[in-house]
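A quick write-up on the structure given underneath.
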Protein chains: 2
Amino acid sequence: MKNKIYVHVADDHKIVIDGIIAVLNTDKDIEIRGYSLTGKEVTTWFENDQNQADVLILDITMPILDGIGVLKYFKKNRIRQKVIILSSYDDIKIVQEMLSLGCKGYITKNNAGEHIIEAIKTVANGEQYFSPNIQRQLLKTLAGQQVEEGALPENFLIDTLTDRELDVLKLITKQFNTSEIADTLNLGISTVDTYRKSLLRKLKVKNAVGLAMYAVKNKIV
Amino acid sequence: MKNKIYVHVADDHKIVIDGIIAVLNTDKDIEIRGYSLTGKEVTTWFENDQNQADVLILDITMPILDGIGVLKYFKKNRIRQKVIILSSYDDIKIVQEMLSLGCKGYITKNNAGEHIIEAIKTVANGEQYFSPNIQRQLLKTLAGQQVEEGALPENFLIDTLTDRELDVLKLITKQFNTSEIADTLNLGISTVDTYRKSLLRKLKVKNAVGLAMYAVKNKIV
DNA sequence: TTTCTTCTCCCTATAAATGGGGAGTCCTTT
DNA sequence: AAAGGACTCCCCATTTATAGGGAGAAGAAA
């Protein structure tokens with residue numbers, strides 16, 4: 001029999017945390033060591049109380065510092081604790097983004113109740129875990145590559161947006177036009193145009209509306 | 001001492017329901033009589049088991065039939081049970097839309113834990129209840145009208161979109177351009193242009209991106 | 001009946017976005 | 001040293017969206 005698994009939960013909705021804690025309390029191998037309502041709280045917690053948690057359950061959408069920011073922080077500071085993303089979104093692009101940032105598991109809120117305990121035990125054991133529906137999508141995306149279920153590679157990055165492209169994308173969602181964006185970012189209009197074009201190409205959308213919808217779906221705004 | 005308040009909870013995320021139930025179980029005056037994961041389940045439940053619940057806690061975002069659909073169903077079938085919207089969104093337009101559809105309370109998921117019991121008791125008592133942050137926004141919007149806190153009027157509708165405008169808006173979010181929309185709806189290009197213009201005017205946005213963002217925020221798509 | 005809204009279409013005109021290229025600098029990685 | 005990525009800007013041209021106005025037909029509401 002192994003030791004208890006210590007867990008930290010982060011979600012901006014306290015009610016969700018309450019739910020998760022209620023579920024996790026039903027398992028004697030798991031112990032909740034704290035929770036956070038913002039990404040900033042998470043990083044602070046892990047700075048001050050290192051090694052008090054083995055697994056972090058992390059929501060993507062949080063104020064101040066979001067899940068992506070937390071993952072980046074973990075990666076940068078080489079924090080070894082396992083992270084499981086708990087998300088409302090089952091967009092494959094998000095999942096891949098999170099994977100590339102080093103998360104070890106990804107479960108959707110739809111079926112968190114059923115799978116969260118299994119997910120925690122799996123990643124605590126050094127393996128990766130994904131909700132069945134996520135797994136299905138990942139496998140579909142990877143069709144052609146030889147991978148077995150449950151052991152997905154981390155080394156497939158999505159066509160990541162550069163910093164500048166992200167800057168432009170964010171301003172587009174604010175209804176800025178090209179010249180306003182150029183002014184705001186102190187760039188030439190041609191430059192902003194270039195970024196618009198590369199955004200359209202990378203995200204495979206038709207127009208600015210497509211960019212905005214992508215940004216919303218992927219919680220960039 | 002009054003009787004127990006019977007409550008039904010609807011949210012597409014089971015984990016949220018678990019959280020709400022956990023919170024509500026701490027109050028002896030409240031009893032949960034069931035829950036639903038889709039809007040369709042809600043209407044079915046209220047068809048088969050009338051009067052088994054006094055208050056319905058309703059999430060806006062649900063598959064099959066969303067919260068708006070449920071409210072419309074309630075209104076149409078003159079179902080008298082009180083509805084409290086539990087939402088992630090604090091957009092004032094959504095709140096007003098919900099109010100016009102007859103909901104009696106509106107709380108955000110951010111502070112549901114603190115206010116949900118108070119909200120249930122308030123609406124069960126025949127009054128309206130809003131999260132403090134929502135109340136603040138409503139009052140700001142109503143600035144100029146004479147209303148006291150906690151007793152807000154139901155009779156202020158937003159500048160409603162017509163059916164055709166909604167048709168066009170939905171297609172815009174799908175990245176259709178004007179001529180594609182015209183083809184799809186069997187309209188002339190000029191006509192679609194007219195709707196685009198009125199959408200921009202009514203929703204007070206600058207461009208198609210603004211329309212798309214509005215549609216997303218207000219769960220039109 | 002008159003008024004109002006909605007739906008439909010038109011005109012003119014400008015502003016903005018999209019599509020296809022090229023190209024130089026800087027910096028990091030190989 | 002070479003290669004690649006990111007950042008910056010430019011040319012060309014076409015398509016699309018936005019802005020302002022007008023107007024008739026049908027139906028509902030006052």
Side-chain angles (χ1 to χ4, degrees), chain A residues 68 72 75-76 96-97 100-101 154-216 220-221, chain B residues 76 97 100 155-216 220-221:
Chain A
I68 297 173
K72 283 182 179 167
K75 199 170 187 178
K76 188 176 169 190
Q96 295 182 319
E97 176 89 35
S100 74
L101 287 170
E154 290 183 43
N155 58 335
F156 56 98
L157 299 179
I158 55 174
D159 205 356
T160 313
L161 301 182
T162 67
D163 290 345
R164 274 321 209 187
E165 285 162 355
L166 270 176
D167 289 342
V168 171
L169 179 54
K170 284 175 187 166
L171 293 176
I172 286 175
T173 65
K174 289 188 198 293
Q175 305 177 52
F176 283 39
N177 65 29
T178 300
S179 72
E180 288 167 339
I181 294 172
D183 285 349
T184 306
L185 300 179
N186 281 112
L187 292 176
I189 289 181
S190 335
T191 309
V192 178
D193 256 322
T194 304
Y195 290 130
R196 292 190 81 118
K197 281 185 275 193
S198 60
L199 282 168
L200 292 175
R201 179 174 40 77
K202 283 187 177 180
L203 304 182
K204 300 190 213 311
V205 296
K206 276 184 64 177
N207 53 29
V209 169
L211 296 178
M213 299 299 280
Y214 174 91
V216 172
I220 288 169
V221 289
Chain B
K76 189 177 170 190
E97 176 89 36
S100 72
N155 58 338
F156 55 96
L157 300 178
I158 55 176
D159 199 358
T160 314
L161 303 183
T162 68
D163 291 344
R164 274 322 208 185
E165 286 162 353
L166 271 177
D167 290 341
V168 171
L169 179 55
K170 284 175 188 166
L171 293 177
I172 286 174
T173 64
K174 290 187 199 290
Q175 305 178 52
F176 283 39
N177 66 29
T178 301
S179 73
E180 288 167 341
I181 294 172
D183 285 348
T184 306
L185 300 179
N186 281 112
L187 291 175
I189 288 180
S190 336
T191 309
V192 177
D193 256 322
T194 304
Y195 290 130
R196 292 190 83 119
K197 281 185 276 193
S198 59
L199 282 167
L200 292 174
R201 180 174 38 77
K202 283 188 177 179
L203 303 182
K204 301 188 211 312
V205 295
K206 276 184 65 178
N207 53 29
V209 169
L211 296 178
M213 300 299 280
Y214 174 91
V216 171
I220 287 169
V221 289

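Residue numbers begin at 1 in each chain, while the letters A, B, ... track the order of the sequences.
Rounded to an integer number of Å, the gap from B/L166 CG to C/dT6 C1' is 13 Å. For the pair A/E165 CD and D/dC7 C1', the interatomic distance rounds to 10 Å; values are reported in whole Å. One can place CG of A/D167 at 14 Å from P of D/dA6, the figure rounded to the nearest angstrom. Rounded to whole Å, atom C1' of D/dA13 lies 13 Å from atom CG of A/D193. In this structure, CG of A/L169 is placed 14 Å from P of C/dA17, rounded to the nearest angstrom. What separates CD of A/E180 from C1' of C/dA16 is a distance of 11 Å, to the nearest Å. As rounded to whole Å, 12 Å separates atom P of D/dT16 from atom CD1 of B/I181. Whole-Å rounding puts the B/K197 NZ to C/dC9 P distance at 14 Å.
Within the 4.5 Å cutoff, side-chain heavy atoms of B/L187 are placed close to those of B/Y195. Using a 4.5 Å heavy-atom threshold, the side chains of A/L171 and A/L185 count as touching. Between B/I172 and A/V209, the closest side-chain pair of non-hydrogen atoms falls below 4.5 Å. A/R196 is listed as a side-chain neighbour of A/T178, based on a closest heavy-atom distance under 4.5 Å.
Of the two residues contacting DNA chain C, namely A/L200 and B/T194, the nearest-nucleotide position lying further toward the 5' end is that of B/T194.
Within 4.0 Å (heavy atoms only), A/S179 reaches no atom of the nucleic acid at all. When heavy atoms are screened at a 4.0 angstrom cut-off, B/I189 is found touching no nucleic acid atom at all.
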Worksheet entry | Evaluation steps, side chain to side chain contact (heavy atoms under 4.5 Å, CB included), between B/I189 and B/D193 | CA-CA 6 Å; B/I189 288 180; B/D193 256 322; 4.0 Å; yes
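One finds a side-chain N or O of B/T178 lying less than 4.0 angstrom from the OP1 or OP2 phosphate oxygen of D/dA17. Under 4.0 angstrom from either OP1 or OP2 of C/dC7 there lies no side-chain N or O belonging to B/R164. Under 4.0 angstrom from either OP1 or OP2 of D/dA17 there lies no side-chain N or O belonging to B/N207. At D/dT8, one or more side-chain N or O atoms of A/Y195 fall inside 4.0 Å of OP1 or OP2 (strictly under the cut-off).
If you check C/dA17, C/dT8, C/dT18 against the side chain of A/N177, the one that comes closest is C/dA17. The side chain of B/A208 sits closest to D/dT18 out of C/dA17, D/dC7, D/dT18. Each of C/dA16, C/dC10, D/dC9 was ranked by its minimum atom distance to the side chain of A/S190; first place goes to D/dC9.
For C/dC7, its base never sits under 3.5 Å from the side chain of B/T191 at any donor and acceptor pair.
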